[in-house]
Amino acid sequence: MEKHFLLTVFENLYVAFGPQNWWPSESDFETVIGAILTQSVSWSNVEKAIDNLKKENLLSPQSLSKIDDERLHALIRSTRFYKQKGERLKNFCRYLVENYEGNIYKLFDKDIFELRRELLSLKGLGKETVDSIILYAAKKPIFVVDAYTKRIFSRLGVVDENLDYQALQEIFMQNLPHDTSLFNEYHALIVKLGKDVCKTKPKCEICPLNNFCKYYISKNKF
DNA sequence: GCCCAGGGGGCTC
DNA sequence: GAGCCCCATGGG
């Protein structure tokens, strides 16, 4: 793959959809909470939960680390696996309070890969969630991979559809400048394209990438 | 009624 | 390491 290709795709998406303004939140701590709550659920479900937490003044590491389970479950029920997610939130907040005085910037103040390893060691934080936290909350340049990334770029014919997370991430990291705002906008645009166009049943007619998508050129191949 | 979301963990083989 | 199941709401 030519290095220029990934930038060309980005430019086409940006022209078509414009800036996505991720991550929608009032604070970097809120971004972390959103990253955990949005695991396998649409963002509209997450907004309700975050609004609930705000209304009750609970959106802080100190409050969430010691909140009653039943109460938390009720507030974040809209985010699907709410018992698991409740525990994940409390786990993270407890860790933050005990090790960093509840200050995420003290947690973030380290090398990008050291931070990644540390976050990955926390239960309930996998690769995608951790990379989202690093990119959108800590604002360090790491490329976030998700199911849409795999689906879209394998259909474009530039990556193997069986590549794992790490391999796919390396392709983007090796072929793009390590720029936080580029990675921010690129991932958001991929999600936008995935949601609106490139679903299981794609709408190739309205896809801004259709002139170089192999799926579009020979549909019966897939 | 169906489908699937801005995943991760645990288990089996 | 891959394949499967579990979790368990809401919008189209």
Side-chain angles (χ1 to χ4, degrees), chain A residues 10 13-14 17-26 28-53 69-93 95 116-139 142-155 160-170 172 180-203 206:
Chain A
F10 173 77
L13 292 177
Y14 191 84
F17 297 128
Q20 300 299 299
N21 302 313
W22 276 29
W23 191 287
S25 69
E26 292 178 4
D28 295 324
F29 176 72
E30 183 183 328
T31 300
V32 176
I33 299 307
I36 295 172
L37 291 180
T38 198
Q39 291 169 349
S40 202
V41 70
S42 51
W43 183 249
S44 59
N45 289 36
V46 178
E47 285 181 315
K48 295 174 188 168
I50 291 187
D51 284 346
N52 289 341
L53 293 172
D69 285 333
E70 306 271 314
R71 186 180 180 197
L72 180 57
H73 293 168
L75 293 170
I76 66 170
R77 197 171 60 87
S78 62
T79 64
R80 214 173 165 193
F81 319 117
Y82 56 84
K83 292 182 184 172
Q84 287 188 344
K85 288 179 178 176
E87 192 175 349
R88 289 170 189 184
L89 290 186
K90 286 183 75 172
N91 260 344
F92 175 79
C93 291
Y95 180 81
R116 189 171 198 265
R117 194 168 356 108
E118 183 174 354
L119 290 173
L120 280 173
S121 74
L122 300 179
K123 195 176 172 185
L125 305 194
K127 298 186 187 73
E128 187 179 338
T129 305
V130 163
D131 289 341
S132 296
I133 291 171
I134 296 174
L135 179 62
Y136 292 104
K139 299 173 173 52
I142 196 160
F143 198 90
V144 179
V145 171
D146 68 343
Y148 290 133
T149 313
K150 184 177 292 192
R151 182 185 298 167
I152 290 166
F153 287 87
S154 64
R155 280 182 185 171
D160 190 317
E161 62 180 326
N162 296 318
L163 288 185
D164 63 16
Y165 189 100
Q166 227 76 301
L168 206 47
Q169 183 177 52
E170 279 176 24
F172 284 88
T180 300
S181 60
L182 171 66
F183 287 170
N184 175 324
E185 207 61 61
Y186 208 152
H187 175 64
L189 284 165
I190 286 171
V191 173
K192 171 74 174 169
L193 180 68
K195 280 200 294 197
D196 291 4
V197 180
C198 202
K199 316 185 95 158
T200 314
K201 294 175 183 173
K203 304 176 186 170
I206 61 167

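Quick note on labels: first sequence line is chain A, next is B, and so on, each numbered from 1.
- In this structure, the side chains of A/Asn45 and A/Arg80 stay at 4.5 Å or more apart for every pair of heavy atoms.
- Taking a pair as Watson-Crick or G-U with both hydrogen-bonding distances under 3.5 Å, the stems of three or more pairs touching DNA chain C are B:2-5 with C:9-12, B:7-13 with C:1-7.
- Counted within 6.0 Å of CD on A/Gln166, heavy atoms from surrounding residues, nucleotides or ligands total more than 12; the atom is thus considered enclosed.
- In this structure, the CG atom of A/Leu37 is 14 Å from the P atom of C/dG10, given to the nearest Å.
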Protein heavy-atom contacts under 4.0 Å, written 5' to 3' over nucleotides 1-13 of chain B as B (base), S (sugar-phosphate only) or - (none), form the string ---SBBBSSS---
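- Using a 4.0 Å cut-off between charged nitrogen and carboxylate oxygen, A/Lys127 and A/Asp131 do not count as a salt-bridge pair.
- Rounded to a whole Å, the CD atom of A/Glu87 is 15 Å from the C1' atom of C/dC6.
- For the atom pair A/Leu89 CG and A/Leu53 CG, the distance stands at 7.5 Å (nearest 0.5 Å).
- Here C/dT9 presents its C1' atom at 15 Å from CD of A/Glu47, a figure rounded to the nearest Å.
- Partner of A/Phe172 under the ring-ring contact (aromatic ring centres under 6.0 Å, His included) criterion, chosen from A/Tyr165, A/Phe153, A/Phe183: A/Phe153.
- Dense packing is recorded around NZ of A/Lys139, with more than 12 heavy atoms of other residues, nucleotides or ligands lying under 6.0 Å away.
- Between the side chains of A/Thr149 and A/Asp146, a donor-acceptor pair is found at a separation under 3.5 Å.
- One finds a side-chain N or O of A/Lys48 lying less than 4.0 angstrom from the OP1 or OP2 phosphate oxygen of C/dG11.
- A/Asp196 has its CG atom 13 Å from the P atom of C/dG12, to the nearest Å.
- Distance check: A/Asn91 CG to A/Gln84 CD gives 12.0 Å after rounding to the nearest 0.5 Å.
- C/dC5 and B/dG6: their P atoms are spaced 23 Å apart (whole Å).
- The nearest whole Å value for the distance from the CD atom in A/Gln166 to the C1' atom in C/dG1 is 14 Å.
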